[in-house]
Participant: 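Let me give you the structure first, and then I'll get to my questions.
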Amino acid sequence: MNQPANIGASERRELTSFWTGEQEYCVDIMSVREIRGWSAATPLPQSPNYMRGVINLRGAVLPIMDLAERLDLPPTQPSERSVIIVVQVGERLVGLLVDAVSDILSITPDQIQPTPDVGCDQSKAFIRGLITIDDRMVSEIAVERLLPDLEGLAA
């Protein structure tokens with residue numbers, strides 16, 4: 001990755017990138033608390049379709065969200081490569097079920113492009129911006145917007 005000499009290390013951000021379906025996404029590494037292998041979740045009645053249920057994380061109940069389904073993509077079919085990315089949103093932890101973790105990205109603010117207007121606000125609701133790295137296009141997820149009840153806690 002080429003970087004201009006005038007960009008300081010303090011202006012760089014690190015992101016954890018991962019695959020969900022055929023698309024690569026990323027989240028700010030500062031919100032990631034843990035990455036763990038897939039383990040079956042216990043479903044909770046009357047929960048949204050994108051919520052897989054809960055797991056026991058060292059004595060704490062951790063809700064698991066199928067990120068693909070939350071983004072209105074086909075649901076994830078967990079496999080041996082599937083992982084749960086535990087992210088912190090405000091004071092709460094949430095597990096994001098994804099297909100695989102791929103990389104740690106180090107980016108500068110000028111590498112982030114705004115989410116294009118595609119005629120609906122749904123795409124902008126969860127995507128903070130788009131990052132082009134080499135021949136890849138990576139969408140940055142705004143984790144604070146994934147769960148409506150967590151939105152206020154993230155501020």
Participant: Test of understanding: clusters of I, L, V, M, F, W, Y form through side-chain heavy atoms closer than 4.5 Å, transitively. Do M30 and L146 belong to the same one?
Facilitator: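 Looking at the clustering, L146 is in a separate group from M30.
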Participant: Of all the heavy-atom pairs spanning V138 and Q23, show the shortest one and how long it is.
Facilitator: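 Closest heavy-atom pair between V138 and Q23: CA-NE2, 4.5 Å.
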Participant: Between E11 and T108, is any side-chain donor less than 3.5 angstrom from a side-chain acceptor?
Facilitator: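 There is no such pair between these side chains.
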Participant: Under the criterion side-chain contact (heavy atoms from CB on, under 4.5 Å), I'd like the reasoning laid out for L93 against V87: C-alpha separation, chi angles, the key distance, then a yes or no.
Facilitator: CA-CA 6 Å; L93 294 177; V87 295; over 6 Å; no
Participant: Side chains of V61 and N56: closer than 4.5 Å at any heavy-atom pair?
Facilitator: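 No. Closest side-chain heavy atoms not under 4.5 Å.
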Participant: side-chain contact (heavy atoms from CB on, under 4.5 Å) between L71 and Y25: does it pass, once the steps are laid out?
Facilitator: CA-CA 11 Å; L71 298 175; Y25 297 93; 3.7 Å; yes
Participant: How many angstroms lie between atom CD of E14 and atom OG of S106, to the nearest 0.5 angstrom?
Facilitator: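 Here the interatomic distance stands at 5.0 Å.
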Participant: Could you check I104, I131, I141 and say which one makes a side chain to side chain contact (heavy atoms under 4.5 Å, CB included) with C26?
Facilitator: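 Testing each of I104, I131, I141 against C26, the sole residue satisfying side chain to side chain contact (heavy atoms under 4.5 Å, CB included) is I131.
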Participant: Is there a path from W19 to I107 through hydrophobic residues (I, L, V, M, F, W, Y) whose side chains come within less than 4.5 Å of each other?
Facilitator: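 No: no chain of side-chain contacts under 4.5 Å links W19 to I107.
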Participant: Which atoms form the tightest heavy-atom contact between R145 and I127, and what is the distance?
Facilitator: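 Result for this residue pair: NH1-O, 4.1 Å.
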Participant: Between S102 and E24, is there a side-chain donor-acceptor contact under 3.5 Å, judged purely by atom types and distance?
Facilitator: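 Indeed, the side chains of E24 and S102 share at least one donor-acceptor pair under 3.5 Å.
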Participant: Under 4.5 Å between any side-chain heavy atoms of I55 and T42, yes or no?
Facilitator: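 No. Closest side-chain heavy atoms not under 4.5 Å.
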Participant: Please report the C-alpha distance between E140 and R13 in whole Å, then the side-chain angles of each, then the deciding distance to 0.1 Å, and finally whether the side-chain contact (heavy atoms from CB on, under 4.5 Å) criterion is met.
Facilitator: CA-CA 12 Å; E140 182 181 1; R13 290 179 49 216; 2.6 Å; yes
Participant: Sub-3.5 Å donor-acceptor pair from the side chain of Q88 to the main-chain atoms of V94, do we have one?
Facilitator: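 Checking the backbone N and O of V94 against the side chain of Q88, no donor-acceptor pair under 3.5 Å is found.
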Participant: Taking the side chain as every heavy atom from C-beta outward, state whether V101 and T16 have any pair of such atoms under 4.5 Å apart.
Facilitator: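 Result yes, sub-4.5 Å side-chain heavy-atom pair found.
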Participant: Using every non-hydrogen atom in the two residues, find where R52 and A41 come nearest and quote the distance to one decimal.
Facilitator: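 That closest heavy-atom pairing would be O-CB, 3.7 Å.
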Participant: So do the side chains of I29 and L15 get within less than 4.5 Å of each other, counting heavy atoms only?
Facilitator: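 They are not in side-chain contact.
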Participant: Taking the side chain as every heavy atom from C-beta outward, state whether W38 and L97 have any pair of such atoms under 4.5 Å apart.
Facilitator: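 Side-chain contact under 4.5 Å: yes.
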Participant: Are R92 and L62 close enough that some pair of their side-chain heavy atoms sits under 4.5 Å apart?
Facilitator: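 Sidechains of L62 and R92: no contact.
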Participant: Using a 6.0 Å cut-off, check whether atom CZ of R81 has over 12 heavy atoms from anything other than its own residue.
Facilitator: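 Not buried by this count: 12 neighbours or fewer within 6.0 Å.
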Participant: Could you check whether T20 and D99, counting side-chain N and O atoms only, form a donor-acceptor pair closer than 3.5 Å?
Facilitator: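 Absent: no donor and acceptor within the cut-off.
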Participant: Working to the nearest 0.5 Å, report the span between CG of L57 and CD of E34.
Facilitator: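 CD of E34 is found 5.0 Å from CG of L57.
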Participant: Which heavy atom in I112 sits nearest to a heavy atom in G129, and how many Å separate them?
Facilitator: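 Heavy atoms only, the tightest pair is CG2-CA, 4.1 Å.
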Participant: Might you point out which heavy atoms bring S139 and L130 nearest each other, and give the distance in Å?
Facilitator: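 Closest heavy-atom pair between S139 and L130: OG-CD2, 3.2 Å.
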Participant: Let me see the working for I84 and V98 under side-chain contact (heavy atoms from CB on, under 4.5 Å), right down to the final yes or no.
Facilitator: CA-CA 6 Å; I84 296 171; V98 301; over 6 Å; no
Participant: At their closest point, which heavy atom of S17 faces which heavy atom of L105, and how far apart are they?
Facilitator: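 The answer is CB-CD1, 4.0 Å.
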Participant: What distance do L96 atom CG and L67 atom CG have between them, rounded to the nearest 0.5 Å?
Facilitator: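 It is 5.5 Å, given to the nearest 0.5 Å.
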Participant: To the nearest 0.5 angstrom, please state how far the CE atom of M65 sits from the CG atom of N49.
Facilitator: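 Interatomic distance, M65 CE to N49 CG, rounded to 0.5 Å: 12.5 Å.
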Participant: Does the side chain of E69 come within less than 4.5 Å of T76's, by heavy atoms?
Facilitator: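 Not touching, per the 4.5 Å side-chain cut-off.
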Participant: Do F18 and I85 have side chains that approach each other closer than 4.5 Å (heavy atoms only, starting at C-beta)?
Facilitator: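 The answer is yes, as the side chains (C-beta and beyond) meet within the 4.5 Å cut-off.
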Participant: Do R70 and Y50 meet the cation-pi criteria used here (NZ or CZ under 6.0 Å from the six-membered ring centre, within 45° of the axis)?
Facilitator: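 Yes, R70 sits over the ring of Y50.
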